Amino acid sequence: MHRITLGDFELTILSDGTYRMDGGAMFGIIPKIMWEKRIQPDERNTIPLALNSLLVRTGEQNILIETGIGSKLSEKSRSIYQNQPRLLKSFEEAGVSPDEIDIVINTHLHFDHCGGNRHLSAATTYLHRDELREARTPEPFERLGYADKGFDHPGAKFSLLEGDVEFAKGIHLFHTPGHTVGHYSLLVELKGSRPLLFMADVSYTPAAYANDQQAGFHNNPVDGVRSIRRIKRLAKEWDAEVVFTHDMDVFRTYALAPEPFTAGGGA
């Protein structure tokens with residue numbers, strides 16, 4: 001658990017634990033002989049990934065960005081992904097109740113980003129209009145990613161967005177399609193510190209990002225590489241610290257380093 005107050009915002013990194021994904025799918029066209037030097041797969045060729053969420057307290061609202069996998073996967077899926085749900089425990093550690101979350105921002109609706117939505121019945125969910133449409137009626141090759149319909153829990157309330165949006169003062173959403181059609185990345189302005197740019201699943205690791213490389217299961221690889229380059233332009237324009245949402249080493253650095261939000265490590 002790490003919490004920091006910068007200007008108007010109090011930021012807390014929450015965790016829904018970890019899960020495992022196929023290494024070849026995560027690194028796309030990068031040959032295994034290269035990526036396994038960075039991170040060693042297990043006997044099933046899977047690698048561990050973090051499930052991190054960001055709680056932003058503005059003084060007026062509690063905003064949660066991403067909600068992890070949650071606890072409603074099928075037995076078969078749990079055996080594949082080996083996740084250990086802990087989002088509700090993270091709320092307890094942060095001293096906040098799920099009922100106190102006013103707003104959820106889902107960068108997209110893949111199962112590892114929205115599974116905890118069902119616990120947040122008081123919140124309004126903000127996301128791209130195209131993302132909700134696609135998640136409800138996915139193409140066959142998208143169904144695995146959209147397997148968890150927890151975002152459509154009873155009583156779910158949606159506010160649908162289009163294009164780039166300044167969601168609230170100091171919180172910006174940038175449409176970065178490719179991984180999914182309605183994928184958003186998010187930038188938080190911080191007084192006294194560099195902005196944080198959460199690219200979500202535009203690119204997974206520092207090495208892949210540096211080389212404009214993406215995972216193997218993007219909806220549209222051409223849009224995907226253009227979004228990586230857009231993130232790079234935004235990072236330069238805003239002098240922002242880029243955050244790799246699933247990268248365990250980078251988030252471990254954020255959580256434990258004496259100087260918070262200083263990137264380091266990662267594949």
Side-chain angles (χ1 to χ4, degrees), residues 1-19 48-73 83-107 111-127 148 150-151 153 155-157 167-173 184-200 241 243-263:
M1 180 62 57
H2 180 71
R3 179 180 298 166
I4 183 171
T5 301
L6 288 167
D8 297 330
F9 296 151
E10 181 182 88
L11 309 181
T12 306
I13 295 176
L14 305 182
S15 171
D16 194 35
T18 62
Y19 70 129
L49 298 174
L51 289 164
N52 296 286
S53 301
L54 180 69
L55 174 62
V56 181
R57 297 173 178 177
T58 69
E60 298 178 355
Q61 294 175 314
N62 294 325
I63 302 170
L64 184 65
I65 302 155
E66 311 289 51
T67 66
I69 289 178
S71 57
K72 297 297 184 180
L73 288 184
N83 64 304
Q84 306 89 32
R86 72 173 320 277
L87 183 63
L88 294 181
K89 180 65 173 177
S90 277
F91 279 126
E92 182 181 328
E93 293 168 348
V96 63
S97 164
D99 293 338
E100 295 178 290
I101 302 300
D102 302 297
I103 290 169
V104 169
I105 297 175
N106 289 129
T107 62
F111 75 97
D112 53 333
H113 290 258
C114 68
N117 284 30
R118 54 172 53 89
H119 299 302
L120 307 168
S121 57
T124 298
T125 300
Y126 286 75
L127 72 162
D148 186 348
F151 59 86
H153 59 84
K157 303 180 292 291
F167 172 78
K169 184 175 175 57
I171 301 177
H172 305 263
L173 294 173
Y184 267 127
S185 299
L186 182 140
L187 183 141
V188 182
E189 294 184 72
L190 303 171
K191 292 182 179 178
S193 184
R194 296 171 66 191
L196 296 183
L197 179 52
F198 293 82
M199 76 168 98
E241 194 79 71
V243 173
F244 299 87
T245 309
H246 291 299
D247 189 281
M248 295 178 68
D249 288 339
V250 171
F251 267 96
R252 190 178 300 118
T253 300
Y254 291 162
L256 301 179
E259 294 296 328
F261 305 122
T262 299

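If you're wondering where the values come from, they're calculated on a predicted model, not measured in any experiment.
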request  = Begin with the C-alpha distance, continue with both residues' side-chain angles, and end with the deciding distance and a verdict on salt bridge (Lys or Arg N to Asp or Glu O under 4.0 Å) for R86 and E93.
outcome  = CA-CA 10 Å; R86 72 173 320 277; E93 293 168 348; 2.8 Å; yes
Notebook entry, point to check: Within a strict 4.5 Å, meaning less than it, do heavy atoms of the T18 and Q84 side chains meet?
Noted result: yes
Q. Taking the side chain from N62 and the backbone from D102, do they hold a donor-acceptor pair closer than 3.5 Å?
A. no
Rounding to 0.5 Å, atoms CG (L197) and CD (E241) come to a distance of 10.0 Å
Q. Does any N or O in the side chain of S90 come within less than 3.5 Å of the main-chain N or O of S15, such that one atom is a donor and the other an acceptor?
A. yes
Please answer whether the main-chain N or O of G116 pairs with a side-chain N or O of K72 as donor and acceptor at a distance below 3.5 Å.
no
One should read off an interatomic distance between L88 CG and S97 OG, to the nearest 0.5 angstrom, of 9.5 Å
Subject >> Heavy-atom side-chain proximity of T125 to F151 below 4.5 angstrom >> reply: no
May I ask you to test the L64-F91 pair for a side-chain heavy-atom distance under 4.5 Å?
-> yes
Side chain to side chain contact (heavy atoms under 4.5 Å, CB included) test vs I105 passes for just one of T67, L127, L173, namely L173
TODO: May I ask you to test the H119-S71 pair for a side-chain heavy-atom distance under 4.5 Å?
DONE: yes
Determine, step by step, whether F111 and L73 satisfy the side chain to side chain contact (heavy atoms under 4.5 Å, CB included) criterion, reporting the C-alpha distance in whole Å, the side-chain angles of both residues, the deciding distance to 0.1 Å, and the verdict.
CA-CA 9 Å; F111 75 97; L73 288 184; 4.2 Å; yes
To the nearest 0.5 Å, atom CG of L196 lies from atom CD1 of I65 at 9.5 Å
Are any of the side-chain heavy atoms of N83 and P85 separated by less than 4.5 Å?
-> yes
Student check: side-chain heavy atoms of Y19 and D112 closer than 4.5 Å: yes
| query | Should L190 and L11 count as side-chain neighbours, where that means a heavy-atom distance under 4.5 Å? | reply | yes
Between G68 and L51, the two heavy atoms sitting closest are CA-CD2, 4.4 Å
Here the pair of heavy atoms bringing L55 nearest to R57 is CD2-NE, 3.5 Å
Legend entry - Close side-chain approach of L186 and E66, heavy atoms under 4.5 Å: no
Looking only at heavy atoms, the pair that brings R118 and H153 closest together is CA-CD2, 3.7 Å
When rounded to the nearest 0.5 Å, the distance separating NE2 of H113 from CG of N52 is 10.5 Å
With E189 as partner, the option from K169, R194, H172 fulfilling side-chain hydrogen bond (donor to acceptor under 3.5 Å, both in side chains) is H172
In terms of heavy-atom contacts, V104 and A123 come closest through CG2-CB, 3.9 Å
Review point. Under the 3.5 angstrom rule, does the side chain of N117 hit a backbone N or O of G150 as a donor-acceptor pair?
Key: no
Scanning both residues in full, the closest heavy-atom pair of G115 with D148 reads CA-OD2, 3.5 Å
